[in-house]
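Remarks on the structure that follows.
Each chain gets a letter, A, B and so on, in the order the sequences are listed, and its residues count up from 1.
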Amino acid sequence: MNYAQHEHHEFVEASTEALADATLQTALVRLTDTLLAGNRRGYAALADSSELRDHAKAIKEHTLSHLDQYLEQLEASVHRLGGKVHWAATAEDARRIVVDIAKKANCKHAVKSKSMTSEEIHLNPALENAGIEVTETDFGEFIIQVAGERPSHLVAPAVHHTRESVARVLSKHLGEDLPDDPKSLAMVGRRVLREKFRRADLGITGANFAVAETGTVVLVTNEGNGRITTTAPRVHVAIMGIEKVIPRFRDLPVFLKLLARAATGQTLSVYTTMITGPRKTGELDGPDEFHLVLLDNGRTNILATPFRESLQCIRCGACLNACPVYRRIGGHAYGGVYSGPIGSILTPLYDSVPLNPHLPHASSLCGACQAACPVKINIPHMLIGLRELQHEYKPSRWEEWAYHLWSWALCQPWLYRWGMWAARLLMRWQAVDGWLSHLPGPGSEWTQVRDFPAPAAKSFRDLWKEMQT
Amino acid sequence: MTPRDTFLQRVKKAVSDGNRAGAAPKLPERCGVGYQGGGPDLLERFRQELANAGGKAYLAADRDGVVRTIQSIVQPLNARRILLSRGGLIDRLGLPNQLNEIGFNARTQNEIGPDAKEDFFAAEVGVTNVHRLIAETGTVVMAAQPDEPRSASLLPPVHIALAERSQILPDLFDLFDLFSPAANQTPSTPPSCLTLITGPSKTGDIELKLVTGVHGPGEVHVIVVGE
Ligand code: SF4
């Protein structure tokens, strides 16, 4: 199965659709503004936040450059605790492993806590085909599971929904007529999902981190569904990408201090659950069996290249909120499981560079993503690197001609000056309140979905000249 | 070669291929970077941070104070079924008896036995001890053990945690030092489940409207016992 779920060439169509969707536009502005403000507040309130981010990055750099050793250490630690480690080279391996675990333990009802890794391997259909009921228990994920959609944001998967559409989706699913206020809808979610938890015999989670030294798997949630998923069912399966391992237990708080601040501005997410093996003798709850599935699925290919830095990502979503492109087109347009700036890197690398031609260009390279990133990943640099990889990219005849004309004009100072003067005059004459709502020719594509700022009254060169005299 | 060995072989190769471009940096030591501390008054800082996260802290001088506080929390809820964990302050204060005497249906998990899923799901209030509190973030730290089931602080809609003043740590880093060989002489391995709880369960999945209690407790109360 393909990594990307959209047809590969749909980026332009999907983003055009998103831009025309007024409800989505409102939701995106509300979400990204709130979370980005939280991100800035979070960093500002944390002493040495920049140094701590450097430190977190250095831990990741070290771990990735010794990854084989840490994976072996992690395996040994989990075995010592009585857990089991499984190695999944591909998504298909991972699906088979999880289905086998479920069958062997005779599990029929699975509950899942939000996990991008399980999205990535398309786990749910495989479990359902094996006759196992799967329920997403993060409230947002539950909504989109019922609606039959994909998550559109790393931490707010149902951002593209309104209260009315959620009420519609859940009412239809439950055969009840539900009111559309968020509180009652969430309480309906609690009631329905509690029943699922009570019956569940298999809990499936991702992992935000795993500690090699102790074999600990860490889950961070705000709702608490991750906790119930690892408390009520008798079998727990955690699926994680191999890049999630960190060396020591005491390295964990470095990331915990940054993750929630970067994602929402909270000092810590409501729940951080650190699972170290199955339940111990005498304990009344928690799973009897603990399985850890280590997933490669293309990560080693990235590890061997200069794009290794992208594996430092801790999936906080901050780069999405900061990105002027994501903020307009939302998550679905990116076509992959991961969206936003980091998705524009991961999707081509996991899937195929030639089949995702638009993604490395879905960025203004403004650098807002890197500024927001808790591990300071140099996303713009890697996007440029991906553009370089697109060997087959050929400019159109028209584009080539335009660049020729442009370079010739730049070599004729008189023509350049005259052209700029004329363009400025024309544009200022056409502008309303400093904005142009229509540009002629190829510029019209730009103004279809946004306005163009009118030029300033005086050019920089004129101002410079005035200052000199 | 087993699939495991092939897997690790490939990682090893990718690591060395990638390392050739950059170096293989050493594991850095933190050396105090990012330590926030809890200020001069740990309890006050804890109280503020917990309030920011949507929870509430109380100070109780003695057993009567604790019972009165619990009563004042539970009474308006119209809840009767209280689930208590064992050991620690709960035993020392004789809380199960105290609460039963004033008319609640208070049970510890010895009374509900090992197949107690239904009782855990049915409880209306969970009363627990804590492993530690963290002043910097207003966090309650729970460590799973036979006396302290995970469900007690998780499944009931209301969680009341009892702590002693001496259990408050200034900073999140201090908690992890307790489990770390280098920073501590007598390290302990982490429990099967170590949980940090910072305020009530939250979701903003519908139009970013904050709703509490969607899965975990919608109310978190922390009673600190001491002067
Ligand atoms: S790249 Fe950085 S900012 Fe973006 S999700 Fe990953 S960790 Fe967060």
Side-chain angles (χ1 to χ4, degrees), chain A residues 30-31 34 47-48 51-52 55 58-59 61-62 65 67-68 71 87 89 139-140 158 162-163 166 182-183 185-186 189-190 198 214 216 222-225 227-228 231 247 249-250 252-253 257 267-268 270-277 279-280 282-286 296 300 303-306 308, chain B residues 3-4 7-8 10-12 14-15 17-19 21 24-28 30 33-34 36 49 109 114 116-117 120-121 137 139 144-146 149-151 154 172-173 176-177 179-180 183 189-199 201-209 211 213-216:
Chain A
R30 180 168 51 209
L31 177 82
T34 310
D48 322 326
E51 290 82 355
L52 195 64
H55 181 67
I59 294 173
E61 271 169 359
H62 164 82
S65 64
L67 191 59
D68 49 330
L71 289 176
W87 305 83
F139 185 46
T162 61
R163 59 180 76 201
V166 174
K183 172 90 188 166
L185 287 169
R190 178 182 170 107
R198 196 199 292 260
T214 54
T216 306
N222 272 319
E223 296 182 357
N225 57 316
R227 289 184 69 198
I228 312 184
T231 295
F249 203 60
R250 69 168 178 283
L252 205 44
K257 283 198 181 207
T267 51
L268 275 177
V270 179
Y271 302 111
T272 304
T273 313
M274 292 164 267
I275 305 284
T276 308
R279 82 159 94 166
K280 298 217 170 84
E283 289 177 9
L284 291 181
D285 47 13
D296 182 339
T300 43
L303 192 63
T305 68
R308 177 184 281 187
Chain B
R4 169 194 181 271
F7 188 113
L8 276 169
R10 210 177 36 245
V11 177
K12 198 174 216 147
V15 163
D17 284 356
N19 284 1
K26 280 224 267 305
L27 179 57
R30 191 170 54 80
V33 165
Q36 314 294 305
E49 294 293 336
Q109 84 272 25
K117 213 175 190 176
F120 283 138
F121 272 91
T137 51
T139 298
Q145 45 158 315
R150 308 171 192 202
S151 300
L154 172 62
L172 186 66
F173 284 126
F176 286 81
D177 284 348
F179 298 98
S180 297
T189 47
S192 63
C193 181
L194 185 69
T195 305
L196 313 181
I197 301 173
T198 309
S201 157
K202 294 189 182 75
T203 184
D205 274 324
I206 303 178
E207 297 186 356
L208 227 58
K209 285 276 172 307
V211 178
V214 64
H215 283 300

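A distance-only check finds no donor-acceptor pair linking the side chain of Arg279(A) to the backbone of Cys193(B) [under 3.5 Å]. In this structure, the side chain of Gln36(B) engages the main chain of Ala47(A) through a donor-acceptor pair within 3.5 Å. Using modelled atom types, no side-chain atom of Lys202(B) and backbone atom of Val270(A) make a donor-acceptor pair closer than 3.5 Å. Distance alone, capped at 3.5 Å, places no donor-acceptor pair between the Glu223(A) side chain and the Thr203(B) backbone.
With a threshold of 4.5 angstrom between heavy atoms, Arg30(A) approaches chain B through its backbone and through its side chain. Residue contact with chain B, scored on non-hydrogen atoms closer than 4.5 Å, involves the backbone and the side chain of Pro182(A) alike. Heavy atoms of Lys12(B) lying under 4.5 Å from chain A belong to its backbone as well as its side chain. Heavy-atom distances place both the backbone and the side chain of Thr162(A) under 4.5 Å from chain B. For Val211(B), the part lying near chain A is the side chain, with the backbone staying farther off; criterion is any non-hydrogen pair under 4.5 Å. Looking at Thr214(A), only its side chain comes within 4.5 Å of chain B, counting heavy atoms on both sides.
Comparing Thr305(A), Thr273(A), Thr231(A) by heavy-atom pairs within less than 4.5 Å of chain B, the highest count is held by Thr231(A). If you tally non-hydrogen atom pairs under 4.5 Å between each of Glu61(A), His55(A), Lys183(A), Lys280(A) and chain B, the highest count goes to His55(A). Your options are Ser151(B), Gly216(B), Pro28(B), and the one with the most heavy-atom pairs under 4.5 Å with chain A is Pro28(B). Interface check for chain B: of the options Asp48(A), Thr216(A), Val166(A), the most heavy-atom pairs under 4.5 Å are formed by Asp48(A). Put simply, of Leu8(B), Leu27(B), Val11(B), the one with the most heavy-atom pairs under 4.5 Å next to chain A is Leu27(B). For the set Pro191(B), Ala144(B), Gly34(B), Gly204(B), the count of heavy-atom pairs under 4.5 angstrom toward chain A peaks at Gly34(B).
The distance from the OG1 atom of Thr34(A) to the CG atom of Leu208(B) is 5.0 Å, given to the nearest 0.5 Å. Annotation: the span from Leu172(B) atom CG to Lys257(A) atom NZ amounts to 5.5 Å, rounded to 0.5 Å. Note that CG of Leu196(B) and CG of Leu268(A) are 6.0 Å apart. Values are rounded to the nearest 0.5 Å. Rounding to the nearest 0.5 Å places CG of Leu154(B) at 10.0 Å from CG of Asn225(A). With values rounded to the nearest 0.5 angstrom, Leu284(A) atom CG is found 11.0 Å from Gln145(B) atom CD. With rounding to the nearest 0.5 angstrom, the CG atom of Asp205(B) is 9.5 Å from the CG atom of Asn222(A).
For the residue pair Asp68(A) and Val15(B), the shortest heavy atom distance occurs at OD1-CG2, 4.0 Å. When every heavy atom of Gly213(B) is checked against every heavy atom of Arg190(A), the shortest pair comes out as O-NH1, 3.0 Å. Closest heavy-atom contact between Phe120(B) and Asp285(A): CE1-OD2, 4.0 Å. Nearest heavy atoms, Lys209(B) versus Arg163(A): CE-NH2, 3.7 Å. For the pair Ala14(B) and Thr300(A), the tightest heavy-atom approach, listed with the atom from each and the gap, is CB-O, 3.3 Å. Between Ile228(A) and His215(B), the shortest heavy-atom contact is CD1-O, 4.0 Å.
No side-chain heavy atom of Met274(A) sits under 4.5 Å from any side-chain heavy atom of Pro190(B). The closest side-chain heavy-atom distance from Thr276(A) to Thr189(B) is not below 4.5 Å. Residues Tyr271(A) and Ile197(B) are in side-chain contact: their nearest non-hydrogen atoms beyond the backbone lie under 4.5 Å apart.
Judged as a ring pair (Phe, Tyr, Trp, His ring centres under 6.0 Å), and not counting sequence neighbours, the contacts of Phe249(A) are Phe176(B), Phe179(B). The side chain to side chain contact (heavy atoms under 4.5 Å, CB included) search around Pro3(B) returns none, not counting sequence neighbours.
At a cut-off of 3.5 Å, with distance as the only test, no side-chain donor of Thr267(A) or Glu49(B) sits close to an acceptor on the other residue.
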